[in-house]
Each structure stands twice: as C-alpha cells, then as structure tokens.
Amino acid sequence: MNGTSPSPGTKLPPKLTRPTLPPRKYWPWFVFILLVNYLLMSYLFPPGDAPVTVPYTVFREEAGKNNVSAIYSRGTTIEGRFRAPVTWPTPEDIKQAGPTSARSAIDRRLLPPARTSSHFETELPTFFDRDLEPFLIQHNVEISAVPIQQASAWATLLYGFGPAVLIIAFYVWMYRRAAAQGGMGGMGGVFGIGRSKARRYDTETADRITFNDVAGIDEAESELVEIVDFLKAPGKYTRLGGSAPKGVLLIGSPGTGKTLLAKAVAGEAGVPFFSMSAAEFVEMIVGVGAARVRDLFKQARESAPAIIFIDEIDAIGRARGGMMMGGGHSEQEQTLQQILTEMDGFSGREGIIVLAATNQPDVLDRALLRPGRFDRRVVVNLPDKVGREAIVRVHVRKVPLDPDVNLEELAQATPGFSGADLKNLVNEAALLAARRSEDAVHHKDFLDALEKIVLGPERPLLLGPEDRERIAYHESGHAVLGLLVPGADPVHRVSIVPRGQALGVTYQRPQTDRYNYPEAYLRARIIGMLGGRAAEEVVYGTRTTGAENDIEQATQLARNMVTRWGMSDAVGMVQLAPAHNPYLGGPSGYMGEKPFSEQTGNLIDAEVQRIINECHEEAKRLLREHRAALDALVAALLKQETVSEQEILQATGLPSAPLLEGRPVRG
Ligand code: ADP
Ligand code: ZN
C-alpha cells in the first residue's frame with residue numbers, strides 16, 4: 001500500500017466527508033407514545049398493589065382475626081382487602097416445607113415467592129363453606145358486589161379500547177401532517193410538523209463566535225466583512241437607494257468552516273442566527289418543506305436583523321428537470337420555490353441575510369443564483385500551510401502545550417487537512433496526552449494522533465513470518481523508489497504494522513503544498529506506487545493481491561494525465577475527462593454519453609497502459625539495480641516494524657531523492 005500522500009488532482013481529495021444521517025423525525029413519537037402508555041399503566045396498576053394469592057385457610061384465619069375489611073366474590077374467586085398487610089408465604093411456611101423429605105422439596109417448589117400486600121385473592125374450595133357468610137358478617141367483613149379495585153374497570157376499558165385509541169390518534173396525526181401542506185404555514189399541525197425546527201443561536205452570550213475563532217481562510221473572511229457592516233447599520237447602505245445583499249453562497253469542501261464563518265458573521269454583527277440543513281426541509285409528505293421554509297423566514301423576520309444559514313443547499317437547490325430520483329421531485333421543487341419566493345419577498349431593508357453552503361455549486365439551479373438571490377459567491381478553500389498553522393493555533397488556545405510542540409512542522413505535515421480535520425487532530429492529541437497521564441500535550445502526541453487519523457488505528461493481526469517478509473519487501477519497494485526517483489515526495493515513515501485496511505504503510509508527503517504538478521513528478525508518483533508490486537516480482541518472481549490499491553491509484557493518475565492534463569502526445573491537448581468538481585475531489589464520472597468516439601476511447605486506454613507499463617519497467621529496473629538497499633531496509637523493518645526517515649536513509653545508505661530540474665530550456 002502506498003496511499004498516504006495526497007493524489008495530485010488539481011486539488012487534494014476531501015479527507016473526512018461527514019455523511020448525513022437519515023431523518024430521525026419519527027422515533028421521538030414512538031418513544032413518546034410508549035412513555036405515556038407506561039406512565040398510565042403504572043399509575044392505574046401500581047406494581048406493589050397486585051393481589052397476593054393466599055390459600056383459603058389463610059383467608060379464613062385472617063377473617064377470624066378481624067383483619068379482612070371487605071371482599072368481592074366472583075364465582076369461586078374471592079378478592080378483597082386486609083386491614084393490615086399480610087405476607088404469604090410466611091418464613092415459617094417455607095421452613096416447614098423444609099428440605100429433608102422428597103415430598104416437602106416438591107411442596108417448597110410449589111410455594112410462590114413471599115409477597116406482602118393488603119390486596120388479596122383466594123379460591124373457594126369446591127365443598128362450599130356454608131358457614132362462611134355468617135362468619136364474615138360476624139367479623140365485620142363488608143361483602144360487596146362491586147369489584148374492590150376500581151382500577152380493574154379502567155383496565156378493561158384500556159385493554160379494550162387502547163389500541164383503537166392509538167390508531168385513531170395516529171390517523172389524526174397523519175392528517176395534521178398532511179394539513180400542513182394546505183397553507184397553514186407556520187402553524188401547521190398541532191405537533192408543529194410544519195415548523196422549521198431551525199436552531200437559533202443568540203449571539204449576545206459570552207461564548208459567541210467571532211472572526212477571532214476563524215483562521216486560515218482570510219479571503220473568504222474579508223468578503224464577509226461587508227455583510228457584517230450591513231447587518232450592524234442597514235441604513236447606511238440603503239440610504240442612497242441601493243439594495244442590500246440578500247443571499248451569499250459559501251462554496252467549499254466539507255469541514256472548511258462554512259458554518260463557522262456564518263456563525264462568526266452573526267457573532268460579529270450581534271444578530272441572531274437561524275441554522276437549518278436543507279435536507280431537513282424535505283419530508284415524505286409534499287408541502288411540508290415549503291411550510292418549514294415559510295416558518296423559518298417568519299421567525300427570522302420577527303427578530304431581524306438576523307442571519308439565516310441553510311446548510312447543504314444543493315439537497316434542494318439542484319437544477320430542476322435534471323436527473324432526479326424517486327418521488328421527492330415535486331417536494332424539492334416546492335421547497336426551492338418557497339425559498340425563492342421568500343427571498344424575492346423581502347425588500348432588503350429588513351436586514352435579513354441568507355447564507356447558504358454547498359460543495360457542489362455547479363449542480364445548483366440557475367434560478368437560485370440570479371441577482372437578488374444568491375448573487376454573491378464566496379469560495380472557502382482548504383487552508384494552505386500558513387492557514388493550517390493559524391487554525392491549529394485557534395484550537396490549541398485552551399490546550400496546555402509542552403514547549404517542544406512545533407506547530408509549523410505540524411502544519412507542514414497536514415497537507416489537504418480542512419479546519420475540521422485540524423480541530424479533530426488537536427482533540428485526538430489532547431486525548432492521547434491525557435491517556436498517557438501527561439500534564440501538557442507534547443509534539444509526539446500530535447504526531448501519533450496524526451498517524452492514527454491518516455492511517456487508521458493499529459489492527460491486531462497475527463501474520464506469519466513469510467507474510468511479514470513479503471509485506472516488508474512490498475513497502476520497502478515503495479520507499480526505496482521514493483528515494484531514487486527524482487522529484488519523488490520524501491519518505492517519512494515505513495511501517496509493517498497493520499492499520500485500518502492496510503497491511504503496511506509507506507508514508508510520503510510533499511515538502512510544500514502543491515497546486516501545479518509537473519509531469520515528471522506525476523511519473524515519479526506512479527513509479528513509486530508500482531514499487532510495491534515491482535519489489536515482490538524482483539524478489540519472489542510471483543504476484544499477490546496486495547497491490548490492488550496501488551494499481552487503482554496509479555491507473556487513475558495515468559488516466560488523468562492522458563484525459564485531463566494533455567500529457568500524452570498521441571492524444572494531444574484535448575479535454576476528454578468529465579467535468580471536474582474541485583470541491584468533491586476526484587472526477588465526477590461520465591454523465592450519459594462519453595464525450596469522445598470509440599477510437600479515441602481505445603487510444604486513451606492504450607496510452608494509459610503505455611504510461612503504466614513504462615513506469616512498471618522503470619520501477620523493476622531501479623529495484624534490481626539497488627537490491628542491496630532494498631534488502632537492508634527489509635531487514636530493518638522486520639526488526640523494528642516501523643522505521644523513521646532518518647533510519648531509512650541510514651539503512652539504505654541512499655540520499656533523499658534529488659529535486660526536479662526546473663530551469664527554462666533555451667536554444
Ligand atoms: P463546514 O460547514 O464547511 O462543513 P464547519 O464550519 O462545520 O465546516 O467546521 C467544523 C468545525 O471545524 C468548526 O466548528 C471549527 O471548529 C473547525 N473549523 C473549520 N474551519 C475552521 C477555520 N478556518 N478556523 C478555525 N476552525 C475551523
Ligand atoms: Zn502498496
């Protein structure tokens with residue numbers, strides 16, 4: 001495996017995408033109903049008041065002691081109340097049924113567990129006791145024809161009608177939900193189904209978020225300063241008849257801080273912030289989304305000036321008429337339409353600004369982007385090295401750091417990390433330091449946390465010596481080529497400790513953030529990727545499945561060279577790849593027909609194969625030539641499992657890879 005340095009697309013692939021959970025709006029209702037049922041039942045039938053079943057003799061005995069207040073008889077069953085609670089069976093009863101004889105053991109097993117209650121039940125013997133009635137009257141027992149326990153009537157009712165009531169309640173509920181679409185707007189449904197569920201953050205509190213908490217995305221930040229100004233003093237802008245901005249679209253990969261920016265704008269301006277994810281608008285029942293939009297804007301208008309933040313607007317703002325799945329179509333359209341209507345509806349004087357976030361700006365409906373709607377676009381990029389350092393500084397404010405921590409080095413080691421990733425890194429490091437009972441977070445904690453995040457946690461996996469050796473050769477193949485091929489990224493660490501999906505890892509990362517990749521660098525990457533398999537072939541002469549991931553990555557890269565970057569003479573400088581979405585990482589796949597002929601398709605395949613084969617041959621040639629270095633690194637790996645950059649250079653006796661020549665060609 002060799003998958004840890006970012007692949008050279010024009011942008012780095014997104015690291016941690018956060019999946020949205022399916023709507024969980026139904027389970028609170030089930031829990032609620034269950035709870036009501038439970039409370040009701042336990043109120044009507046307190047668990048302690050269940051009747052204790054006593055033998056007839058015990059009943060007569062207690063009646064004789066004037067301890068029975070009332071009875072109710074139903075056939076041969078008598079139910080009643082003792083004046084003072086009675087425990088049955090008594091400890092003596094249990095003792096009497098002592099363990100000595102087989103007979104009594106059976107009796108004992110027949111005795112129920114002892115219980116105490118003033119509510120009892122007993123069976124009349126079939127030889128009916130004729131003296132019972134006068135005996136009871138004599139002992140002041142009230143004989144009643146009404147059940148003693150009123151609750152049992154309730155129980156009958158509940159058992160009989162409960163399910164029906166529940167079903168009716170459910171229908172009423174469904175009806176109210178459906179009614180929400182009928183224009184009842186914010187009031188939709190007694191249970192508030194048509195309400196927006198927006199989260200409101202008030203910004204007067206002490207822990208409000210300001211631009212102080214945002215770092216490393218200065219361009220985006222400065223574009224939003226004007227919005228803050230406007231919210232603070234709307235009059236200043238509209239004085240001369242100009243209309244204020246209404247909508248701003250924040251574009252960027254997940255975790256780059258779009259939500260954070262929106263909150264900071266609200267915090268700086270001191271206005272309330274209403275936040276909702278577009279996915280939450282869309283319900284199964286048509287019309288609910290629109291009702292929620294109405295309610296959201298109503299709430300905001302009531303506390304204007306205010307900010308409305310709609311996350312993942314692409315979930316409803318997708319171009320209409322495009323490919324859409326299932327029946328959500330018209331619901332989506334209605335919800336979108338409602339947002340547009342609301343935005344057209346306010347004049348811009350109310351002081352409401354809608355910020356929306358997306359990572360797929362190109363799928364958005366054009367109607368959303370028209371002037372007067374989301375006409376401002378702010379791109380939130382992944383931070384560069386300086387930005388990453390600044391973001392880490394924001395997040396370590398409350399973390400005690402050991403003086404040995406080098407944040408600049410950390411920033412350098414995290415190309416492609418978003419703000420959210422960096423926050424996570426700081427958190428992991430702090431947890432790790434706490435687990436190690438340190439008083440402050442050390443640099444090593446950061447490095448170990450980084451390794452865990454990038455490579456996955458270690459996986460306990462017992463490998464036989466042959467497998468271990470083979471993996472060591474595979475990884476060493478990657479690493480040695482990382483030292484030999486000019487322009488290759490420096491090799492920082494090689495390990496044969498299984499982690500996540502990988503059996504071993506070669507950790508390479510670029511010296512600086514790269515935005516423009518020379519062809520020779522890309523070839524160096526491919527040669528390095530194929531180095532694992534090449535080493536196995538050179539040493540063992542056989543192949544394993546272990547190179548699947550390497551092959552996939554190398555093929556992708558070679559294909560991009562041919563179809564996107566014009567690096568094949570045979571194909572030429574023609575754009576043959578599907579349109580690229582820079583905020584989603586890799587290419588987005590062909591939609592419908594491929595934009596080239598079958599001949600060209602064959603040519604692309606041939607060129608990709610040519611590049612891969614050339615690189616493969618080069619990898620094998622270099623490894624054969626430096627077999628001694630390869631063997632030495634394998635020996636070090638088998639001994640230590642993980643070797644650092646310094647140890648790699650020492651073991652192989654090779655210098656770091658030479659830099660690429662970049663001087664202009666003259667002549
Ligand atoms: P997005 O909305 O773009 O997906 P978020 O704003 O939700 O990303 O970011 C998640 C968290 O990551 C934030 O709450 C913040 O703590 C941290 N974060 C992201 N970007 C930055 C940044 N530029 N500066 C400081 N913290 C950041
Ligand atoms: Zn590999």
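Only heavy atoms go into these numbers, but all of them, side chains included; no hydrogens, no water, no symmetry mates. Note that the structure is a prediction, hence the values are computed from the model and not measured.
- Side chain of Asp489 to main chain of Gln508: no donor-acceptor pair is present (N/O by atom type, distance under 3.5 Å, no hydrogens or angles).
- No donor-acceptor pair under 3.5 Å is formed between the side chain of Glu617 and the backbone N or O of Glu614.
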Worked check of side chain to side chain contact (heavy atoms under 4.5 Å, CB included) between Arg627 and Leu630: CA-CA 5 Å; Arg627 177 67 194 263; Leu630 186 67; 4.3 Å; yes
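- In terms of modelled atom types and a separation under 3.5 Å, the side chain of Asp421 and the main chain of Ser418 share a donor-acceptor contact.
- A side-chain donor-acceptor contact under 3.5 Å links Asn549 and Gln553.
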Audit row: Arg533, Glu536, salt bridge (Lys or Arg N to Asp or Glu O under 4.0 Å) steps and yes/no: CA-CA 5 Å; Arg533 161 60 70 80; Glu536 290 185 60; 5.1 Å; no
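- Side chain of Arg493 to main chain of Tyr507: no donor-acceptor pair is present (N/O by atom type, distance under 3.5 Å, no hydrogens or angles).
- Surrounding CG of Asn602 are more than 12 heavy atoms belonging to other residues, nucleotides or ligands, all under 6.0 Å away.
- Side-chain contact of Tyr540 with Glu466: a donor-acceptor pair under 3.5 Å is absent, judged by distance alone.
- Remark: the backbone N or O of Ala628 is not paired with any side-chain donor or acceptor of Asp631 at under 3.5 angstrom.
- More than 12 heavy atoms of other residues, nucleotides or ligands lie within 6.0 Å of CG in Asp404, so this atom counts as buried by the packing criterion.
- One N or O on the side chain of Arg468 and one on the backbone of Leu638 form a donor-acceptor pair closer than 3.5 Å.
- Counting only distance, with no hydrogens or angles, the side chain of Arg499 and the backbone of Val505 share no donor-acceptor pair below 3.5 Å.
- Glu408 CD: 12 or fewer foreign heavy atoms inside a 6.0 Å radius.
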Test log, rule side chain to side chain contact (heavy atoms under 4.5 Å, CB included), inputs Arg470 and Thr542: CA-CA 11 Å; Arg470 195 160 189 132; Thr542 57; 3.1 Å; yes
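- Annotation for Ala524 and Gly487: closest pair CB-C, 4.4 Å, computed over non-hydrogen atoms.
- More than 12 heavy-atom neighbours from other residues, nucleotides or ligands sit within 6.0 angstrom of CD on Gln640.
- Atom CD of residue Glu519 and atom OG of residue Ser568 lie 9.5 Å apart, to the nearest 0.5 angstrom.
- Arg377 contributes atom CZ, which lies 11.5 Å from atom OG1 of Thr358 (distance to the nearest 0.5 angstrom).
- The minimum heavy-atom distance between Arg559 and Val608, with the atom names listed, is CA-CG2, 3.7 Å.
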In a table with atom names and distances, give each donor-acceptor pair under 3.5 Å that connects a side chain of residues 391-401 to protein atoms at least two apart or in another chain.
| unit_1 | atom_1 | unit_2 | atom_2 | d |
| --- | --- | --- | --- | --- |
| Arg393 | NH2 | Glu389 | OE2 | 2.9 |
| Arg397 | NH1 | Asp213 | OD1 | 3.3 |
| Arg397 | NH2 | Asn212 | O | 2.7 |

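- Using a 4.5 Å heavy-atom threshold, the side chains of Val634 and Val539 count as separate.
- Atom-to-atom distance recorded for Ile527:CD1 and Leu481:CG is 7.5 Å, nearest 0.5 angstrom.
- We find the CD1-CG distance between Ile453 and Leu425 to be 4.5 Å, quoted to the nearest 0.5 Å.
- Across all their heavy atoms, Ala651 and Ala632 have their closest contact at O-CB, 3.3 Å.
- Counting heavy atoms from C-beta on, the side chains of Val571 and Thr563 never come closer than 4.5 Å.
- The main-chain N or O of Ile612 is never found under 3.5 Å from a side-chain atom of His616 such that the two would form a donor-acceptor pair.
- The side-chain heavy atoms of Leu483 and Leu649, taken from C-beta on, include a pair separated by under 4.5 Å.
- Inter-residue side-chain proximity for Thr256 and Asn381 is flagged as unmet; no heavy-atom pair is nearer than 4.5 Å.
- The aromatic rings of His474 and His478 lie perpendicular to each other, with more than 60° between the two planes, well past the 30° mark.
- Side-chain contact check for Leu432 versus Arg436: some heavy-atom pair is nearer than 4.5 Å.
- Counting heavy atoms from C-beta on, the side chains of Tyr473 and Val538 never come closer than 4.5 Å.
- Of the possible donor and acceptor atoms, none in the side chain of Lys263 sits under 3.5 Å from a partner among the backbone N and O of Arg208.
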Test log, rule side chain to side chain contact (heavy atoms under 4.5 Å, CB included), inputs Ile209 and Phe273: CA-CA 11 Å; Ile209 289 170; Phe273 174 82; over 6 Å; no
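- Ile611 places none of its side-chain heavy atoms less than 4.5 Å from the side chain of Met567.
- A distance of 11.0 Å separates CG in Leu654 from CD1 in Ile648, rounded to the nearest 0.5 Å.
- The nearest pair of heavy atoms linking Ile496 to Glu475 is CG2-CG, 4.4 Å.
- Looking at Asp402, its side chain never comes within 3.5 Å of a backbone N or O of Val405 through a donor-acceptor pair.
- Closest of all the heavy-atom pairs between Ala440 and Asp445 is O-OD2, 4.2 Å.
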Audit row: Arg523, Met561, side chain to side chain contact (heavy atoms under 4.5 Å, CB included) steps and yes/no: CA-CA 10 Å; Arg523 277 190 174 252; Met561 289 170 71; 4.2 Å; yes
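- The closest side-chain heavy-atom distance from Phe417 to Val454 is below 4.5 Å.
- Residue Glu451 holds its CD atom at 13.0 Å from CD of Glu428, rounded to the nearest 0.5 Å.
- Closest non-hydrogen pair, Glu645 versus Val491, comes out as CG-O, 3.4 Å.
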